[in-house]
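In listed order, ligands and their atoms are each counted from 1. Any value given below was found using the heavy atoms of this structure, including those in side chains, with hydrogens, waters and symmetry copies removed.
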Amino acid sequence: MAVKGGPADNRTRSTVSICIVIGLCCFFYILGAWQKSGFGKGDSIALEITKRTDCTILPNLSFDTHHSKQGSSRDLVSPVKKFKPCPDRFTDYTPCQDQNRAMKFPRENMNYRERHCPPQKEKLHCLVPPPKGYVAPFPWPKSRDYVPFANCPYKSLTVEKAIQNWVQYEGNVFRFPGGGTQFPQGADKYIDQLASVIPIANGTVRTALDTGCGVASWGAYLLKRNVLAMSFAPRDSHEAQVQFALERGVPAVIGVLGTIKLPYPSRAFDMAHCSRCLIPWGMNDGLYMMEVDRVLRPGGYWVLSGPPINWKANYKGWQRTKEDLEAEQNKIEEMAKLLCWEKVSEKGETAIWRKRVNTESCPSRLEESTVQMCESTNADDVWYEEDEGMCYTSS
Ligand SMILES: *[C@@H]1O[C@H](CO)[C@@H](O)[C@H](O)[C@H]1NC(C)=O
Ligand SMILES: *[C@@H]1O[C@H](CO)[C@@H](O)[C@H](O)[C@H]1NC(C)=O
């Protein structure tokens with residue numbers, strides 16, 4: 001007769017019970033997580049996702065460079081230096097965009113909103129801490145629409161831009177409905193409208209620049225159309241809207257069109273876009289339009305929506321005079337001609353120009369004698385280089 005419950009059998013049984021215990025743990029854990037999650041419960045969703053983020057997927061990445069001459073670079077560098085966290089009040093510290101330093105620079109041409117980095121002796125040697133309660137952002141595409149409140153704890157935009165559908169605060173998460181000042185119906189509809197003029201769908205437009213991007217919903221919604229948008233906006237006096245864009249997983253930088261060139265090579269973008277971006281396009285003899293012209297490739301598109309386009313219908317709402325708006329639009333049209341851009345559409349508050357593919361196809365160009373482009377220095381030499389204006393000839 002066989003004896004039941006030998007040592008081997010015992011081991012099997014204990015393995016089975018361990019499995020059951022682990023299984024039950026997992027079950028209740030998931031049940032708990034499921035009960036806690038749900039619409040508007042962003043903190044628990046965020047917590048879950050943080051727990052699931054497995055930082056050990058690639059445990060042995062080698063961060064050494066592989067181009068040093070002798071042996072491993074590990075032998076050459078001194079031991080890794082550890083930095084302590086900065087005090088909590090530095091959570092939003094962006095060294096080259098420090099409000100106190102910015103105010104010492106001229107307001108003119110937005111100079112004070114450009115990069116002004118601290119001198120050597122004012123540099124902090126600590127790590128900028130995340131805000132209290134920071135959690136890993138949601139994975140894309142959920143991150144396009146939700147950001148945990150703790151990651152960017154500023155509600156002012158939800159109040160300021162409430163009717164424009166930029167961002168809403170819903171119990172510990174921010175929700176981004178995809179609206180903008182110029183597209184309260186959502187970025188998708190707005191992009192559809194642009195796509196009726198600009199060939200966005202067939203691969204002609206793959207890169208875009210959004211000047212004065214707000215929370216970057218335009219760029220966020222272009223991704224599913226296979227267009228990669230780079231968005232920028234200046235830092236506000238209190239916080240950077242770009243922070244929301246980054247938490248959403250949308251490429252963006254703090255930046256401004258001011259006295260120096262944009263940090264992009266020439267002809268890098270298929271499309272540039274400004275919707276109520278508050279950039280004074282008509283000022284300084286069109287200096288900022290020239291900078292857009294530099295970064296647009298031949299055949300690239302420039303979209304301008306909002307003031308002054310369609311001023312006849314909107315001047316009251318914008319609280320500006322007809323004369324002022326008309327003059328601004330005239331200046332823009334005139335500059336566009338000089339730059340050899342062709343106006344391809346104006347519908348409602350949206351106007352679209354196209355940079356001609358070459359100057360031969362530019363009708364008015366040769367007749368213009370009083371104004372011409374400067375002999376360009378290296379157009380790709382852009383880092384901290386001043387904007388280049390028009391050169392006036394003495395004819
Ligand atoms: C990384 O780990 C994997 C699996 O353990 C191993 O096969 C691989 O050789 C390792 N790579 C390096 C660079 O050490
Ligand atoms: C995309 O569409 C535009 C406008 O219809 C056309 O001019 C262009 O040749 C098309 N490009 C490709 C790659 O199909």
Cation over ring face, Arg320 and Tyr315, 6.0 Å, 45°:
no

Quick check on the hydrophobic clustering: are Met230 and Phe232 connected, directly or via other members, by side-chain heavy-atom contacts under 4.5 Å?
yes

Taking 4.0 angstrom as the limit and counting only heavy atoms of Pro199, give me the atoms of ligand 2 inside it, by number and element.
1 (C), 2 (O), 3 (C), 4 (C)

In terms of atom number and element, which parts of ligand 2 are under 4.0 angstrom from non-hydrogen atoms of Thr204?
1 (C), 10 (C), 11 (N)

Flag this pair as yes if the NZ/CZ of Arg144 is under 6.0 angstrom from the six-membered ring centre of Phe176 and inside a 45 degree cone about the axis; otherwise no.
no

State the CZ-OH distance between Arg354 and Tyr301, to the nearest 0.5 angstrom.
3.5 Å

Closer than 4.0 Å and a protein heavy atom, does any atom meet both conditions relative to atom 9 (O) of ligand 2?
no

Kindly indicate whether atom 5 (O) of ligand 2 is approached by any protein heavy atom to under 4.0 angstrom.
no

To the nearest 0.5 Å, atom CG of Asn172 lies from atom OH of Tyr146 at 13.5 Å

What protein heavy atom is closest to atom 14 (O) of ligand 2, reported as residue, atom name and distance in Å?
Asn202 ND2, 3.2 Å

